[in-house]
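Have a look at the structure below, then the notes.
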There are 2 protein chains.
Amino acid sequence: MAQLARPGASRRITIRDIALRAGVSVSTASRALNGKPDVSPQARARVLAAAQELNYMADAYARTLAGGRSRTLGLIIPNNGDSFFAQLARGVADAATAHGYSIIVYNTNESSELELQAHQLMLARRVEGVLVASVESGAPPLARLLEAGLSCVLLNRRLDGLQVDEVLSDYEEGAYQATAHLCALGHRRIAHVTLEGDRYSVRTRLAGYRRALEEQGIGEAPELIIRYSRLPLLYERILQALPALRPRPTAIFAYNDLCCVPILRALQDLGWKVPEDISLVGYDDAEFAAWLSPPLTTVAQSPYDVGVKGTEVLIERLESPSESQGAKKLVLKPQLVVRQSSAPPSTATTQRDT
Amino acid sequence: MAQLARPGASRRITIRDIALRAGVSVSTASRALNGKPDVSPQARARVLAAAQELNYMADAYARTLAGGRSRTLGLIIPNNGDSFFAQLARGVADAATAHGYSIIVYNTNESSELELQAHQLMLARRVEGVLVASVESGAPPLARLLEAGLSCVLLNRRLDGLQVDEVLSDYEEGAYQATAHLCALGHRRIAHVTLEGDRYSVRTRLAGYRRALEEQGIGEAPELIIRYSRLPLLYERILQALPALRPRPTAIFAYNDLCCVPILRALQDLGWKVPEDISLVGYDDAEFAAWLSPPLTTVAQSPYDVGVKGTEVLIERLESPSESQGAKKLVLKPQLVVRQSSAPPSTATTQRDT
DNA sequence: TTGAAAGCGTTACCAA
DNA sequence: TTGGTAACGCTTTCAA
């Protein structure tokens, strides 16, 4: 009696146990358990029954060590607490689970040092492939991962000089659509409120914004690019920046829906009515966007879908390594959702259709 | 030439490689790598150097299989895409990383079937402990996990009939504070807008709401509990339910900040000014709460902290199994954040201080 | 302080 | 169709 040091630290049930109980060898048990062909129906039945009775779970570590495959994917991401990346991660998790893979997540905070650590961890944990949404450290570290035999898929990031699969939602196109929508309504003085810095999501939106303006022959107006560093400071920033603009902008294209909340408030405090005095277009189609006052025109994109698609691309590459030689590029189109925060400018002077 | 089947599928660098290069045995290499005492300084230095030069990473699978410890924690969670759980998961990830653990996440969608699968996965993956924020399947499956030698910590959930650590933010207390705040302002007719169903987070808020009312001698008014099933339906629900109430409620305590967005809109369309005609208090202190019109009074809680604390409790239990015999209960207090959406009722008749 | 050898639980390769 | 045996890469006795 009193065998157990820790109560509950019971011995693991191994394949030997079930082989014994089924009256077959370990090899036969293994084959039966894995659905391999060369097993007699009777043997298979007995093995499966034994496994059931003993509630047997194959040890993933032993299995991987012996067989090679870990059925694990890595996800390298700036911050899984951020709602955008959380949804992307959810897409990855769902797709991975559906195909029988586990995923291991590493947060980098977009620090290149932590990215390097993430790569080490992926190697140690024998992931079969990596989904990368954080590439501050650039191409060479990723190239090393590829050399080590891992497949990689870039999510919502681009990296020049590396032949690697990419899945991304087209920010440039989304920003273009948002801005073009405002142009089509007759706006010609359109501000862009965005984050400071030059990260991918900022750069691409800016590019789409510019393309739409150029297409209309609207010249660059640097003072219309309003930058903020952190959300809590945006309200003040708007309050100070907007009234200083001459002539007044008649529309704003904002970085995302979240930042539209303080913008709306600032506009209200400024006494500028939306959309009568100024139009506002966001990005993301956040859950609350439809319920703001006024309901927000925005660009719907699906980080969830990027996660799902990216994972599917990765798994396909893992499971049929011969096919699909070249790097695959998948671009998910965002979609403009027109609600009530955008309308023609009230001052008809700038309208094109009059 | 042309040795590599897949270009890049290079052979793994093992401990034998570094033992060879350092001119010691595998055992000595292992000891040196793991910082064990019985190694001569010279041997240790040579081993470490070799490891560095070859960019050696110990194989987590082999290490776990041989040594027992996986340094992996499981996280069982309803939905890592939801912003609340995403932040909780971030807390878990940060704390785990800080202590050298990896985490593996499983989404259950609060389905008891998926929970059971999650448990199987945890067993297969040899996690050392599990953080559980989804317990639809009840106590027995969790008891089985404990029997298998895993430590468990419940996050933001309670489970009777099981001696297990718990870390939770006190919804009941938060709801109490929110409601008591409204009472103190003089409100006596306070509606509670909440989700349908009886999940933990709903039940506990309701309890806190009731306790505050009782304390004031305000009787139960079932018609003041307004339920909604999904966010997109809430706006209509409010529009239809509020005007029907006699006498009018002078305040609303809502399930969370997100649902305050459509509520605010409905109130506006109803022509009820906040806070002049009706006060509104949310829950969560979401990023946007301070920027709504008016800025939202709410209850700040930190799912991130729950994740961090829960992970620390778990790791402590793993690393000093002898200590801390009894189940540990950690309750994080929420904090009321008073902004401008709550004020005394304008009809002075119900005020207490007059 | 060192090294040889025996596992850890599984799969894969051969013979039988 | 089966079972023995050799890996997989590492840690951990146990002698030396």
*Quick one: which of D:dT11, D:dG9, C:dA12 gets closest to the side chain of B:Arg63?*
D:dT11

*Looking at D:dT11, C:dC8, C:dT10, which one has an atom nearest to any side-chain atom of B:Leu65?*
C:dC8

_Could you tell me if A:Ser111 and A:Thr108 have a donor-acceptor pair between their side chains, going purely by distance under 3.5 Å?_
no

*Listed nucleotide nearest any side-chain atom of B:Ser30, set D:dT12, D:dT1, D:dG3*: D:dT12

_Please report the distance, rounded to the nearest Å, between CD1 in B:Ile18 and P in D:dC10._
9 Å

*Looking at every strand, decide which applies to B:Arg126 at a 4.0 Å heavy-atom threshold: base, sugar-phosphate, or nothing.*
sugar-phosphate

*asked:* Between A:Arg157 and A:Glu110, does any NZ, NE, NH1 or NH2 come within less than 4.0 Å of an OD or OE carboxylate oxygen?
replied: yes

*Using a heavy-atom cut-off of under 4.0 Å over every strand shown, decide if A:Thr14 touches base, sugar-phosphate, or nothing.*
sugar-phosphate

_Salt bridge check, B:Asp59 against B:Arg12: does any charged N sit closer than 4.0 Å to a carboxylate O?_
yes

*Distance only, no hydrogens: is a donor on one side chain within 3.5 Å (strictly under) of an acceptor on the other, for A:Gln117 and A:Tyr106?*
yes

*To the side chain of B:Ser25, which of C:dG3, D:dG4, C:dT10 is closest?*
C:dG3

_Protein-nucleotide distance (A:Arg11, atom CZ; C:dC8, atom P), rounded to Å_ = 10 Å

_A:Arg71/A:Glu128 salt bridge by N-O under 4.0 Å criterion_ = no

*salt bridge (Lys or Arg N to Asp or Glu O under 4.0 Å) assessment of B:Arg11 paired with B:Asp17*: CA-CA 11 Å; B:Arg11 191 179 63 79; B:Asp17 297 318; 3.2 Å; yes

*Is it true that B:Arg90 and B:Asp94 make a salt bridge, defined as a side-chain N closer than 4.0 Å to a carboxylate O?*
yes

_Students often get this wrong, so: under 4.0 angstrom with heavy atoms, is A:Asp59 touching a base, only sugar-phosphate, or nothing?_
sugar-phosphate

*Quick one: label B:Val24 by what it contacts on the DNA or RNA (base, sugar-phosphate, nothing), any heavy atom closer than 4.0 Å.*
sugar-phosphate

*B:Lys328 bridged to B:Glu166 by N-O distance under 4.0 Å*: no

*Residues from residues 43-58 of chain A sitting under 4.0 Å of DNA chain D, heavy atoms only?*
A:Ala43

*From the options C:dC8, D:dT2, C:dT2, select the nucleotide whose nearest atom is closest to the side chain of B:Ala66.*
C:dC8

*Rounded off to whole Å, could you give me the CZ-to-P distance for the A:Arg16 and D:dT5 pair?*
12 Å

_Length of the line joining B:Ile15:CD1 and D:dC10:C1', which is rounded to integer Å_ = 6 Å

*Does the side chain of A:Lys36 get closer than 4.0 angstrom to OP1 or OP2 of C:dA12 through an N or O atom?*
yes

*Round to the nearest Å and state the distance from A:Arg31 atom CZ to C:dG9 atom P.*
21 Å

*Look at B:Arg44 together with B:Asp38 and state whether they make a salt bridge at an N to O cut-off of under 4.0 Å.*
no

*Given DNA chain C, 5'-ward residue of the pair A:Val26 and B:Val39, judged by closest heavy atom*: B:Val39

*Pick from A:Leu75, A:Ile103, A:Leu73, A:Ile104: which one makes a side chain to side chain contact (heavy atoms under 4.5 Å, CB included) with A:Val127?*
A:Ile104

*Between D:dT12, D:dG4, C:dT11, which one does the side chain of B:Ser27 approach most closely?*
D:dT12

*Can you tell which of D:dC10, C:dT2, C:dT10 lies closest to the side chain of B:Thr28?*
C:dT2

*In whole Å, what is the span from the CG atom of A:Asp38 to the P atom of C:dC13?*
13 Å

*Of residues 117-125 of chain B, the positions that come close to DNA chain D - non-hydrogen atoms, cut-off under 4.0 Å*: none

*Starting from C1' on D:dG9, measure out to CZ on B:Arg69 and report it in whole angstrom.*
19 Å

*What distance separates A:Ser83 OG from A:Leu88 CG, expressed to the nearest 0.5 Å?*
11.0 Å

*Atom pair distance, as rounded to whole Å: OH in A:Tyr61 and P in C:dT11*: 16 Å

